[in-house]
Amino acid sequence: MIQQLILAELEGHVEALLAAYAAERPAQLKILTEHPAHPEHGDYSSNIAMQLAKIVRRSPLQIAGELQSRIEEGGSVQGLFRKVAAVAPGFLNFYIDWNVWASGAYQTEDKQRMRREQTKVLVEHTSINPNKAAHVGHLRNSCIGDTLTRMLSHAGYQVEVHNYIDDLGNQLADTVVGILHTQSEGTFLRFGDFCWETYAKVNQAYKAQPELAEQRAVVLHAIESGTSNLAWMGALVAERIVREQLEEMKQFGINYDVLVWESSIVRAGFWDTTFELLSRTNMFHKVTEGKLAGCWVLKQAEDSADASTDSQDFQGDKVLVRSNGILTYTAKDIAYHLWKFGLLENDFVYKKWEDGLWSTAAEGRKKPIGHADMVINVIDYRQQYPQEMVKLALEVLGYEKQASQLKHVSYGVVSLSPGTAAGLGIDTSDGKGSYAMSGRQGIGIKVTDLLDRMEQVIDAKRSRKAGISSRAIAAAAIRYYLLKYQLQTEVVFDMEQATEVTGNSGVYLLYAYTRANSILDKAQKEPRLQAIQAHFAGNLLEEPEYQLLRHMAYWPETLDNATDQLAPSLICHYAFELASLFNHFYSACPVLKGNEDRIAHRLWITQLVRSRLHQALELLGMPTPKRL
RNA sequence: GUCCCAGUAGCUCAGCAGGAUAGAGCAUACGCCUUCUAAGCGUACGGUCGGGGGUUCGAAUCCCUCCUGGGACGCCA
């Protein structure tokens, strides 16, 4: 990687320079490179001279000059740079020699790969309540999780994808109560749509008939005990919904390795073991008096507990076992996470759900699933606190290393724009900037509805309909839309904006990719062009081509950053920029015109762009069609 | 009450291990298809980076403070 090459080079020179001035190296000194915004500032730059100025008491420009001569004496970093310049106020700018770069000599082996191949990462995502159809908010979760999975696999990690199914929860019980006690006249294509409405209806009914709420407790109890008509009903609803949700996700290229059912966690006795382990620590105990009398709680760290002694309403201890003996969600999650890291003696057994997908089950076979070195949970930011509790439990039990390898990928929720909310019949007269989706109220954009809508938009736009289906394009466009935002951004979903097929959209990327394919296809088919061997020619390099090469040179560090930071949006930005530069190149530099040398040169560039875009699209879980 | 996140163009968002002239897309107005896919390309318009202090050679980026919006702190999941 070029960036690492420069850093290693600078590292040596900075050490030597500090020694020459008899200066100590401060701990906070960071040698960094950046991609200059303006090409005249080179392809890479460093501000290290300005940082050193204070330390060695020389002008930044003078230091930059000294570093420049040292680098030049050493051969300009393996000859990769044609020029290294020291410029005011003290930047050190590196200019790539594109002939060298094009030869592939810039590539360095990935030292981290070995370590990664021995690291097993368990990614949990989707985890939708199995009681109704999925909405866009759920889809954002799945798209993020699936893209992270692709990125981590690509980086060399062993990755296992889990989808956690809460088949013992209140929400499932609600839907069952709804099926039994509310009426529905509509016709529904899918069970999930029916449940969507039924779930909303039952929540409405609870307000009018408080006695219905007691029914929920009855159903919940039945589901947990697993031995009655109601239990079967719950199980059937959950299974049917999960099947539909998996089908939906499959259309977006999202797949899983394992379904983990909450009922399996309970049945396998994970909690009993966890309880044993926690009881041996002094941070877990039964409360004997006060508000939480009779509960088993996990104690917060002392300092934060002290700080909140004033207020009675808020306290830091987390209940794991209720006074009636029933576990909280967090308790089960702690047990599950101990299992994820292979720290429990208990284990699941599995049965095959479908090809390539296993499910925990009451009876089945053992599998080498779990035992992760790193755990990644894709969950929206509202669950930050419970996630911290799980981490805290690991720490309390002395599993510091595992706690540090438990990563909560926290992302912002998806809400609705005023326009889109109004389209769903919501009263927007209060003038809010966005409106929350709510399963309870039946407010939200369902995944399949969105896909249908987008498919229509795409279909209306298409002139020729060969190859990839409009639905596949639609799915890719939606996927891109949900991935392009930075994770913490709360996406304000707007139907008009989401179904956009121009500009910074998934369709734009696909279009650029097929465009490159179209050129390369033509070059292969035309007899006149077949003989031409693509190769790079530095003397023919024009501005739009240079811009493209420069951006392509940045790919390794972009990918690396995105993987380290678990940030899919970085790949989106990179891919959009690449597509944009390619479209510019396309209009300014006809590939298949002109003399043979030029054609060969531009074909070479086009090939490289295609393979980069291909890589980016695959990481983003988008299709790579030859034609649109 | 405590803590967390956000506030950048009319709208939706990038940029935020301090850097060189603050960027996209959409919207609006123009221009470009007998030439490799016009789902494209180009031009224009659009900003006291929420307000105020501070740190320094340099602040959208770091610190303090205030304002506004969202979230968490449950014997829900």
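Here is how names work: the chains are called A, B, and so on, in the same order as the sequence lines, proteins then strands, and each is numbered from 1.
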> Could you please name the option among B:G40, B:C36, B:A77 that lies closest to any side-chain atom of A:T502?
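It is B:G40.
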> Using atom P in both nucleotides, what's the gap between B:U21 and B:A14 to the nearest angstrom?
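The answer is 25 Å between these two P atoms.
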> If stacking means aromatic ring centre less than 5.5 angstrom from the base's six-membered ring centre, planes under 30°, is A:F91 stacked on B:A20?
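Stacked: ring centres under 5.5 Å, planes under 30°.
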> Please measure how far the C1' atom in B:A24 lies from the corresponding atom in B:C32, and state the result in whole Å.
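To the nearest whole Å, 22 Å.
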> If we take the C1' atom in both B:A29 and B:C63, what is their distance in whole Å?
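The answer is 45 Å between these two C1' atoms.
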> Can you spot which of A:F582, A:Y508, A:Y511, A:Y480 makes a ring pair (Phe, Tyr, Trp, His ring centres under 6.0 Å) with A:F576?
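One option only clears the test, and that one is A:Y508.
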> Under 4.0 Å between any heavy atoms, over every strand shown, what does A:H584 touch: base, sugar-phosphate, or nothing? Just pick one.
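Contact class for A:H584: sugar-phosphate only.
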> Stacking between B:A20 and A:H38, yes or no? Criterion: centroid separation under 5.5 angstrom, plane angle under 30 degrees.
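No.
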> Take A:R627 and A:A579, find for each the nucleotide of RNA chain B with the closest heavy atom, and name the residue whose nucleotide sits nearer the 5' end.
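Closest to the 5' end, via its nearest nucleotide, is A:R627.
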> Closer to the 5' end of RNA chain B via nearest nucleotide, is it A:G169 or A:L32?
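Result of the comparison: A:L32.
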> Hey, does the side chain of A:Y508 come within less than 4.0 Å of B:C41's phosphate (OP1/OP2), counting only N and O?
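Yes, within the criterion.
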> If you measure from the P atom in B:G23 to the same atom in B:A60, how many Å do you get, rounded?
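Rounded to whole Å, the distance is 13 Å.
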> From the set B:C75, B:U37, B:C57, return the single nucleotide nearest to any side-chain atom of A:L628.
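Nearest nucleotide to the side chain: B:U37.
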> Using a 4.0 Å heavy-atom cut-off across all strands, classify A:S45 as base, sugar-phosphate, or nothing.
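Base: the residue A:S45, judged by heavy atoms under 4.0 Å, touches a nucleobase.
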> Choose from B:A20, B:G15, B:U12 the nucleotide whose nearest atom is closest to any side-chain atom of A:Q486.
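Of the options given, the side chain of A:Q486 lies nearest B:G15.
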> Between B:A27 and B:G52, how many Å separate the two P atoms, rounded to a whole number?
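Going atom to atom, P in each nucleotide, I get 34 Å.
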> Give a yes/no answer on whether the side chain of A:Q488 brings an N or O atom under 4.0 Å of OP1 or OP2 in B:A6.
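So the side chain of A:Q488 is within the cut-off, an N or O lying under 4.0 Å from OP1 or OP2 of B:A6.
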> So does A:T489 reach the base of B:A6 with its side chain, donor to acceptor, closer than 3.5 Å?
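Under the 3.5 Å cut-off, the side chain and the base do not form any donor-acceptor pair.
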> I'd like the C1' distance from B:C30 over to B:C13, given in whole Å.
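Roughly 26 Å separates the two C1' atoms.
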> Look at the side chain of A:D166 and decide which nucleotide, out of B:C36, B:A77, B:G25, has an atom nearest to it.
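Within the option list, the nearest is B:A77.
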> Counting only side-chain heavy atoms from C-beta out, which of B:C36, B:U12, B:G19 sits nearest to A:V492?
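Closest nucleotide to the A:V492 side chain: B:U12.
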> Please determine if a side-chain N or O atom of A:R382 lies less than 4.0 Å away from the OP1 or OP2 oxygen of B:G70.
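For B:G70, OP1/OP2 do not have a side-chain N/O of A:R382 under 4.0 Å.
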> Please give the distance between the P atoms of B:U61 and B:A6 as a whole number of Å.
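It works out to 13 Å between them.
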> What contact category does A:E496 fall into here, base, sugar-phosphate, or nothing, at under 4.0 angstrom with non-hydrogen atoms?
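Contact class for A:E496: none.
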> On the nucleotide B:A77, are OP1 or OP2 found under 4.0 Å from the side-chain N or O atoms that A:Y164 carries?
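Result: no.
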> For a quick check of understanding: with a heavy-atom distance under 4.0 Å over all strands, which category does A:T514 fall into, base, sugar-phosphate or nothing?
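A:T514: base contact, heavy atoms under 4.0 Å.
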> Under the 3.5 Å rule, do the base of B:U37 and the side chain of A:Y511 count as making a donor-acceptor pair?
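Checked by distance alone, the answer is yes.
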> Quick one: which of B:A20, B:U12, B:C26 gets closest to the side chain of A:N93?
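For A:N93, the side-chain atoms sit closest to B:A20.
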> For B:G40, does OP1 or OP2 lie under 4.0 Å from any side-chain N or O of A:N583?
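So the side chain of A:N583 is outside the cut-off, no N or O lying under 4.0 Å from OP1 or OP2 of B:G40.
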> So, under a plain 3.5 Å distance rule, would you say the side chain of A:T328 forms a donor-acceptor pair with the base of B:C75?
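Side chain to base: no pair present.
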> Any chance you could lay out the side chain to side chain donor-acceptor pair (under 3.5 Å) test for A:K132 and A:Q171, step after step, and finish with the verdict?
CA-CA 9 Å; A:K132 61 185 179 306; A:Q171 294 206 22; 3.2 Å; yes
> Can you tell me how far C1' in B:C64 sits from the matching atom in B:A59, rounded to whole Å?
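My reading of the C1' atoms in B:C64 and B:A59 gives 15 Å.
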